[in-house]
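Just follow the structure's listing: the first ligand is 1, and inside any ligand the first atom is 1.
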Amino acid sequence: MKDKFVRRTLALAIAGATAMAMTTLNAQAAQNVTLGHTLSDSSHYSVGADAFKETLQKLSDGEFKVTEHPSGALGGERAMIEGLQIGTVDVVITSSGPLGNFVPESYVLDLPFLFEDYEQARCVLDGEIGQELLAKMGDHNLVGLAWSENGFRHMTNSQRAVKTPGDAEGLKVRTMENKVHMEAFEQMGVHPTPMAFPEVFTALQQGTVDGQENPITVIVATKFWEVQDHLSLTGHVYSPAIVLGSPILLDGLSEEQRGWFEQAAEASAEATREEVSRLEKEGVDMLREKGMTVETDIDKAPFQEAVKPAYKIYTDQYGDEMLKRIRASDC
Ligand code: EAX
């Protein structure tokens with residue numbers, strides 16, 4: 001009798017322990033993927049993060065679980081790219097802003113007035129040139145998963161309406177930590193102040209800088225209307241975004257698993273581009289409603305002329321091969 005009781009208790013205990021072990025195993029099987037970006041959870045990057053998450057979780061049948069960290073919770077874009085290299089972050093959606101510091105080949109994309117419209121930019125990035133640049137990330141301890149999108153950048157400031165480079169002269173403008181952008185703005189006569197994105201809102205609020213430049217998407221998602229009165233649709237540069245992965249995570253995966261990450265990044269880029277296109281249409285009206293004055297009728301020629309020396313500075317340092325190929329492409 002006593003024996004039977006002991007045996008039953010033992011059997012129950014073993015069953016319980018096995019169930020617990022199985023639960024732990026299952027929990028371990030879902031590997032967490034940390035995804036970071038600088039924009040709010042209502043932004044086009046967040047739409048892209050959702051698509052990444054859904055696609056990866058679905059393709060891997062729950063083997064990977066994605067946690068999104070928006071609003072610069074993991075730091076600015078430069079810090080997050082460093083995080084990918086040392087493995088503290090797994091996936092980052094970032095503008096090309098600080099990318100050239102790590103992968104100089106990407107600077108060509110930051111040249112002002114390089115692309116005429118969204119169609120051309122997307123076509124180049126999706127084609128041979130874009131794919132080649134994506135593969136280059138691998139030479140710099142990063143994994144290029146897909147080109148996504150931030151949008152054409154426009155200038156905002158708290159001081160005055162800007163219609164010509166002359167109007168912008170003397171303004172203190174926050175730029176990304178990107179030397180091609182900084183040189184271009186310097187040529188325009190503004191005082192470029194490089195700064196990580198998470199610091200920008202406060203810098204504008206406190207008047208450390210007069211203005212900044214970003215696509216409609218970012219101006220909307222960051223509520224810059226609260227600290228900026230004037231918007232000029234200068235469209236001075238196309239701002240690509242990229243979905244980057246950490247080699248520390250991705251190099252350890254099977255080919256199949258890596259394929260899931262690539263497909264998730266492509267789904268992310270597609271969803272983001274759709275959101276950019278939508279906001280490009282609706283965002284300007286919304287910013288007007290929020291009280292910004294919007295200069296839509298900008299003659300781009302004098303801006304283009306003003307930033308020309310940036311091309312020479314770029315080609316002197318990096319050559320003109322890539323630039324020529326982009327210009328000669330069918331896009
Ligand atoms: O990637 O730094 C910037 O202005 C970027 O456009 C922003 O972080 C979104």
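Other members of a hydrophobic cluster containing Ile86 are absent, since no ILVMFWY side chain comes under 4.5 Å of it, directly or through relayed contacts.
A salt bridge links Arg273 to Asp126: one of the charged nitrogens lies within less than 4.0 Å of a carboxylate oxygen. Salt-bridge check for Glu282 with Arg278: passed, with a basic side-chain N closer than 4.0 Å to an acidic carboxylate O. A salt bridge is defined here as a Lys NZ or Arg NE, NH1 or NH2 lying under 4.0 Å from an Asp or Glu carboxylate O, and Glu321 with Lys324 fails to meet this definition. The existence of a salt bridge linking Lys53 and Asp50 is excluded, since no basic side-chain nitrogen approaches an acidic carboxylate oxygen closer than 4.0 Å. For the pair Lys290 and Glu226, the salt-bridge criterion is not met [side-chain N within less than 4.0 Å of a carboxylate O].
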If you look at each N/O of ligand 1, which protein N/O atoms lie under 3.5 Å away, and at what distance?
residue, atom, partner, partner atom, Å
ligand 1, 1 (O), Tyr45, OH, 2.7
ligand 1, 1 (O), Glu77, OE2, 2.6
ligand 1, 2 (O), Arg174, NH1, 3.4
ligand 1, 2 (O), Arg174, NH2, 2.9
ligand 1, 4 (O), Arg153, NH2, 2.9
ligand 1, 4 (O), Arg174, NH1, 2.7
ligand 1, 4 (O), Asn214, OD1, 3.2
ligand 1, 4 (O), Asn214, ND2, 3.0
ligand 1, 6 (O), Asn150, ND2, 2.8
ligand 1, 6 (O), Arg153, NH1, 3.1
ligand 1, 6 (O), Asn214, OD1, 2.6
ligand 1, 8 (O), Thr38, OG1, 3.0
ligand 1, 8 (O), Glu77, OE2, 3.2

